[in-house]
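Only heavy atoms go into these numbers, but all of them, side chains included; no hydrogens, no water, no symmetry mates.
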Amino acid sequence: MTPAAHKHLSKKDPVMKRLIREHGVCALVPEKGRSPFQSLVQAVAHQQLHGTAANTILGRFCKLFPGRKFPRPADLATVTDEQIRACGFSYAKIRAIRDIAEKTLSGVVPTSREIVKLSDMEIITRLTEVRGVGRWTVEMLLIFQLGREDVLPIDDFGVRAGYQIAYKKRAMPKPKELLKFGELWRPHATTAAWFLWRAADAAKKKK
């Protein structure tokens, strides 16, 4: 993110000022090389799985499509559900992946060139039409692929845990409470979320 984000957060919120001092500058660097189709398929693969297991399954999946680093939406028509199942995907995830491919081909899921022209809310509205894709998944895409600066994932466990720790709350905040407080951080909510993740990670390491 930018020095302007650090300056804004430090000025508006003394707790954020302390977190910035403790954890240094925000080191979030978006991975812009993936298409929305690839990002969504990878997100579905990672749902409810450890990262290593999900990456193993994705590696097997990509081998179904020789000559490509990652399949295109149309390539899904060349493989059966049984072949995808053999990679380790559940049938629910297979249905989700098929729907991502179909909605990419129909234009609901935008291309890499199109998505950068859309607002955060337009992207959330369109991508949550896809089976198995919720708001949190789209917010992760906005943050880690598109590098959008004002995304506050209020349902994220790590963000909520980090808020509880950093602000010394007795209980984890409800999403609505976090949303209301987060108005203080705008238009740099993404950077604030990053520091809340760091606060949660630091607390884990102390245990």
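- Screening residues 6-32 for salt bridge (charged side-chain N to carboxylate O under 4.0 Å, His left out), with sequence neighbours left out, gives Arg18-Glu22, Glu31-Arg34.
- Scanning both residues, Ala54 and Ala45, for their nearest heavy atoms gives CB-O, 3.6 Å.
- Listed by first and then second residue, the salt bridge (charged side-chain N to carboxylate O under 4.0 Å, His left out) pairs that reach into residues 109-122 are Asp120-Arg148, sequence neighbours excluded.
- Under the salt bridge (charged side-chain N to carboxylate O under 4.0 Å, His left out) criterion, the residue pairs touching residues 128-141 are Arg135-Glu139, with sequence neighbours excluded.
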Passes ring-ring contact (aromatic ring centres under 6.0 Å, His included), Tyr167 versus Phe181? Steps please. CA-CA 11 Å; Tyr167 292 82; Phe181 187 87; 5.1 Å; yes
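- Take Glu183 and apply the salt bridge (Lys or Arg N to Asp or Glu O under 4.0 Å) test, not counting sequence neighbours, and it matches Arg186.
- With rounding to the nearest 0.5 Å, the separation of CD1 in Ile143 from OG1 in Thr190 is 5.0 Å.
- Partners of Lys103 according to the side-chain hydrogen bond (donor to acceptor under 3.5 Å, both in side chains) rule, which considers only residues two or more places apart in sequence or in another chain, are Asp99.
- The minimum heavy-atom distance linking Ala166 with Val15 is given by the pair O-CG1, 3.6 Å.
- Leu76 has its side chain within reach of Phe37: a pair of non-hydrogen atoms, C-beta onward, lies under 4.5 Å apart.
- Between Phe89 atom CZ and Ile84 atom CD1 the span is 8.0 Å, to the nearest 0.5 Å.
- Contact check for Val108 versus Leu127: no side-chain heavy atoms found under the 4.5 Å cut-off.
- Clustering of Ile, Leu, Val, Met, Phe, Trp and Tyr by side-chain heavy atoms under 4.5 Å joins Phe157 with Met172.
- A salt bridge (charged side-chain N to carboxylate O under 4.0 Å, His left out) check over residues 167-177, counting only residues at least two apart or in different chains, returns nothing.
- Within a 6.0 Å radius of CH2 in Trp197, other residues, nucleotides and ligands contribute more than 12 heavy atoms.
- For Arg72, the salt bridge (Lys or Arg N to Asp or Glu O under 4.0 Å) partners two or more places apart in sequence, or in a different chain, are Asp75.
- Grouped by direct or indirect side-chain proximity (heavy atoms under 4.5 Å, Ile/Leu/Val/Met/Phe/Trp/Tyr only), Leu105 sits alone.
- Atom CD1 in Ile123 sits 4.5 Å away from atom CD1 in Ile115 (nearest 0.5 Å).
- Every side chain to side chain contact (heavy atoms under 4.5 Å, CB included) that Ile20 has, sequence neighbours left out, goes to His6, Leu9, Ser10, Phe195.
- For Ala92, the side chain to side chain contact (heavy atoms under 4.5 Å, CB included) test picks out Ser90, Arg95, with sequence neighbours left out.
- Residues that satisfy the side-chain hydrogen bond (donor to acceptor under 3.5 Å, both in side chains) test with His46, not counting sequence neighbours, are Asn55.
- Residues Trp185 and Thr191 form no side-chain contact, since every pair of their non-hydrogen atoms from C-beta on lies 4.5 Å or further apart.
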